Amino acid sequence: TVVENENIYRCTEVIANELTGAQDYALIRLDRPVKGFKPLILANKSANPGQSIFVVGHPSGIPAKLASAAEVRLTTQGYFKANLDTFGGNSGSPVFDAESRQVLGILVRGERDYKYDGVKQCNRVNKCPSTGCSGEDVTHIEYINKLLSK
């Protein structure tokens, strides 16, 4: 794939960033306005347990993958947990409300993706039942909204 120069943007400033046990985000300023793309709409409400969500990203280096049929498990200060089907490479992906299609958060960390199978000597996908495992962590978009309103 060839990316044309007009579609390459550079960071000119890190406006805000945080990497803690609860937060993981960076808000940056680009070198110029983005043209030819429609911006995502950020939700102005917090995620709620049971809310239907989905994520689009590039897990494990594959082309874009839609992981739907997920829900918010619980909310806590700074982030929420969800049963999203994601892998390494999805970090930083927007997590959407399934109904409004607005961004509820940013995927930041989650379960172990693969487990080694000693018998077959290969890595296998770590399968978590919907009610099992801890889940994936998603930074609440409200933190970004607060930064943008300053």
Side-chain angles (χ1 to χ4, degrees), residues 1-116 123 125-126 128 130 132-150:
T1 301
V2 175
V3 178
E4 301 296 328
N5 284 338
E6 62 264 13
N7 291 325
I8 298 173
Y9 297 86
R10 290 176 176 67
C11 169
T12 60
E13 176 187 5
V14 176
I15 298 167
N17 68 312
E18 188 176 350
L19 178 57
T20 65
Q23 296 299 316
D24 184 0
Y25 65 84
L27 182 61
I28 63 170
R29 185 175 319 280
L30 298 178
D31 60 347
R32 65 191 185 282
V34 176
K35 294 182 180 177
F37 294 92
K38 185 176 176 183
L40 298 175
I41 298 172
L42 306 183
N44 58 10
K45 60 181 180 170
S46 297
N48 294 305
Q51 188 170 1
S52 294
I53 57 175
F54 68 93
V55 64
V56 178
H58 301 272
S60 300
I62 65 172
K65 176 189 175 197
L66 168 67
S68 59
E71 68 179 35
V72 176
R73 285 187 168 172
L74 66 92
T75 59
T76 186
Q77 183 65 31
Y79 64 98
F80 62 90
K81 289 194 170 285
N83 64 343
L84 290 159
D85 183 16
T86 60
F87 292 86
N90 269 118
S91 294
S93 295
V95 175
F96 297 89
D97 173 64
E99 187 177 317
S100 71
R101 306 291 199 257
Q102 294 179 347
V103 178
L104 287 172
I106 303 167
L107 184 75
V108 294
R109 62 189 158 267
E111 293 291 338
R112 184 173 159 197
D113 295 334
Y114 301 97
K115 288 186 177 178
Y116 186 73
N123 286 316
V125 171
N126 180 26
C128 291
S130 188
C133 301
S134 175
E136 310 296 290
D137 292 354
V138 181
T139 294
H140 287 291
I141 204 63
E142 64 193 40
Y143 290 93
I144 303 303
N145 284 336
K146 287 177 187 176
L147 293 168
L148 290 171
S149 67
K150 287 184 178 181

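Just so it is clear, the model here is predicted, and its values are computed rather than measured.
Residues S93 and V56 are not in side-chain contact: their nearest non-hydrogen atoms beyond the backbone lie 4.5 Å or more apart. The shortest distance between side-chain heavy atoms of L84 and V95 falls below 4.5 Å. Taking 4.5 Å as the limit, every side-chain heavy atom of V55 sits out of range of all side-chain heavy atoms of V138. Looking at E136 and L107, their side chains come closer than 4.5 Å, going by heavy atoms from C-beta outward. Residues Q102 and F96 are not in side-chain contact: their nearest non-hydrogen atoms beyond the backbone lie 4.5 Å or more apart. Side-chain contact check for N7 versus F37: some heavy-atom pair is nearer than 4.5 Å.
Here the CD1-CG distance, from I8 to L30, works out to 13.0 Å after rounding to the nearest 0.5 Å. A distance of 7.5 Å separates CD1 in I144 from OG1 in T139, rounded to the nearest 0.5 Å. With rounding to the nearest 0.5 Å, the separation of CZ in R73 from CD in Q51 is 15.5 Å. The structure places CG of L104 at 9.0 Å from CG of N48, a figure rounded to the nearest 0.5 Å. Expressed to the nearest 0.5 Å, how far OH of Y143 lies from OH of Y79 amounts to 11.0 Å. The structure places CG of N44 at 9.0 Å from OG of S100, a figure rounded to the nearest 0.5 Å.
When the shell of 6.0 Å around CD of Q77 is examined, it contains 12 or fewer heavy atoms from other residues, nucleotides or ligands. Around CZ of R10, the count of heavy atoms belonging to other residues, nucleotides or ligands within 6.0 Å does not exceed 12. For CD of E99, the number of neighbouring non-hydrogen atoms (other residues, nucleotides, ligands) closer than 6.0 Å is 12 at most.
A donor-acceptor contact shorter than 3.5 Å is absent between the side chain of D31 and the backbone of C11.
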Anything under 3.5 Å between a donor and an acceptor, one on a side chain of residues 62-71, the other on a protein residue two or more places apart or in another chain? List them.
residue	atom	partner	partner atom	Å
K65	NZ	D85	O	3.3
K65	NZ	D85	OD2	3.1

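The aromatic rings of H140 and F80 are tilted relative to each other, their planes meeting at an angle between 30° and 60°.
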side-chain hydrogen bond (donor to acceptor under 3.5 Å, both in side chains) between E142 and S46, intermediate numbers included: CA-CA 7 Å; E142 64 193 40; S46 297; 2.5 Å; yes
Run the side chain to side chain contact (heavy atoms under 4.5 Å, CB included) check on L27 and L148 step by step: do they pass? CA-CA 9 Å; L27 182 61; L148 290 171; 3.9 Å; yes
One pair to check against side chain to side chain contact (heavy atoms under 4.5 Å, CB included): I141 and I106. What are the steps and the verdict? CA-CA 7 Å; I141 204 63; I106 303 167; 4.2 Å; yes
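Of all heavy-atom pairs between K81 and D137, the closest is NZ-OD1, 2.6 Å. The two atoms that bring E18 and T20 nearest to each other are OE2-CG2, 3.6 Å, heavy atoms only. Here the closest non-hydrogen pair linking I53 and A82 is CD1-CB, 3.4 Å.
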